Amino acid sequence: MRISANTIHVTMEHDVKVGHNGVIEATLIHQAFVFETKNGDIGVDLDFCDVTNVKFMGLPIEGGYSGYKKFKETMSGLSINVDKLMDEAAASLITDEEINKIKAKCSLALCKLK
């Protein structure tokens with residue numbers, strides 16, 4: 001057997017507060033796929049993939065995805081775009097420093113998989 005490529009899947013969670021005075025709380029989930037490139041460097045593909053544990057003014061939004069969807073519709077009626085707030089928060093969470101930490105943690109594991 002010859003292994004031609006290795007990839008490590010890393011899930012990261014960040015708790016955020018968005019909106020006026022941080023009235024909306026949530027956990028944002030990113031997934032990173034860490035891999036060794038053909039020239040031996042470590043590459044990272046990063047995706048923002050989910051919003052969980054949503055609270056409004058400290059009260060949990062129940063009902064899973066359908067409850068969250070209804071919450072977003074209600075907020076939209078108040079001219080608050082929850083998706084935009086979450087996307088803006090997600091965009092600023094993963095810094096180059098965090099990417100480098102992920103690469104460092106995964107590089108040894110990738111070497112051991114060879």
Side-chain angles (χ1 to χ4, degrees):
M1 173 178 78
R2 184 175 73 98
I3 297 173
S4 61
N6 295 308
T7 302
I8 296 175
H9 174 225
V10 179
T11 301
M12 297 162 287
E13 297 181 357
H14 293 88
D15 294 325
V16 298
K17 293 182 179 185
V18 297
H20 185 67
N21 292 326
V23 296
I24 303 171
E25 301 173 54
T27 301
L28 304 184
I29 299 174
H30 285 83
Q31 293 182 337
F33 298 91
V34 186
F35 55 93
E36 187 173 16
T37 64
K38 292 187 187 240
N39 66 0
D41 292 337
I42 302 296
V44 177
D45 284 335
L46 185 66
D47 293 316
F48 169 49
C49 61
D50 204 2
V51 178
T52 62
N53 304 322
V54 180
K55 294 180 184 177
F56 180 69
M57 297 181 69
L59 300 172
I61 304 301
E62 303 291 341
Y65 177 74
S66 61
Y68 180 55
K69 183 177 175 185
K70 184 176 179 180
F71 169 71
K72 292 190 308 180
E73 289 169 359
T74 301
M75 292 291 104
S76 179
L78 300 171
S79 299
I80 300 169
N81 186 331
V82 175
D83 285 332
K84 181 179 177 185
L85 293 171
M86 295 301 174
D87 288 342
E88 288 171 352
S92 65
L93 289 174
I94 308 297
T95 62
D96 288 342
E97 182 180 335
E98 286 193 353
I99 294 290
N100 289 333
K101 286 180 185 177
I102 292 167
K103 286 180 179 182
K105 286 183 178 185
C106 294
S107 65
L108 182 59
L110 285 169
C111 289
K112 288 183 178 183
L113 291 173
K114 288 183 179 180

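Everything numeric in this text was worked out from a predicted model, so none of it was measured.
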Original post:
Are side-chain heavy atoms of Glu25 and Asp15 found at a separation under 4.5 Å?
Top reply: no

**OP:** For the residue pair His30 and His14, categorise the inter-ring angle as parallel (less than 30°), tilted (30 to 60°) or perpendicular (more than 60°).
**Re:** perpendicular

Original post:
What about Ile102 and Phe33, same hydrophobic cluster or not, with Ile/Leu/Val/Met/Phe/Trp/Tyr joined at side-chain heavy-atom distances under 4.5 Å?
Top reply: no

**OP:** With rounding to the nearest 0.5 Å, note down the distance linking CD in Gln31 to CG in Leu46.
**Re:** 9.5 Å

**OP:** For Ala90 and Leu28, work out which heavy atoms get closest and say how close.
**Re:** N-CD1, 3.7 Å

Original post:
If you draw a 6.0 Å radius around CG in Asp41, do more than 12 non-hydrogen atoms from other residues or ligands fall strictly inside?
Top reply: yes

Original post:
Would you say the side-chain atoms of Thr52 and Asp50 include a donor-acceptor pair closer than 3.5 Å?
Top reply: no

Subject >> CD1-CD distance between Ile42 and Glu36, expressed to the nearest 0.5 angstrom >> reply: 5.0 Å

Subject >> CG on Leu93 to CE on Met12, rounded to 0.5 Å >> reply: 9.5 Å

Original post:
Out of curiosity, does Val10 fall in the hydrophobic cluster containing Val44 (side-chain heavy atoms, cut-off under 4.5 Å, transitive links)?
Top reply: yes

**OP:** Verify the cluster assignment for Leu78 and Met86: are they in a single hydrophobic cluster under the rule of side-chain heavy atoms below 4.5 Å apart?
**Re:** yes

**OP:** Check the hydrophobic clustering (I, L, V, M, F, W, Y; side-chain heavy atoms under 4.5 Å; chains of links allowed) and say if Met57 and Val51 are grouped together.
**Re:** yes

Subject >> Separation between CG of Leu85 and NZ of Lys17, rounded to the nearest 0.5 Å >> reply: 15.0 Å

Subject >> Residues that His20 engages under ring-ring contact (aromatic ring centres under 6.0 Å, His included), provided they are two or more places apart >> reply: none

Original post:
Would one find more than 12 heavy atoms of other residues, nucleotides or ligands at under 6.0 Å from atom CD of Glu73?
Top reply: yes

**OP:** Drop me the distance from Lys72's NZ to Ile24's CD1, to the nearest 0.5 angstrom.
**Re:** 11.0 Å

**OP:** Look up atom NZ in Lys103 and atom CD1 in Ile8, then write down how far apart they are to the nearest 0.5 Å.
**Re:** 13.5 Å

**OP:** Verify the cluster assignment for Ile29 and Tyr65: are they in a single hydrophobic cluster under the rule of side-chain heavy atoms below 4.5 Å apart?
**Re:** no

**OP:** Could you walk me through whether Thr95 and Glu98 pass side-chain contact (heavy atoms from CB on, under 4.5 Å), step by step?
**Re:** CA-CA 5 Å; Thr95 62; Glu98 286 193 353; 3.6 Å; yes

Subject >> Minimum side-chain heavy-atom gap His9-Thr11 below 4.5 Å >> reply: yes

Subject >> Any side-chain heavy-atom pair of Ile94 and Phe48 under 4.5 Å >> reply: no

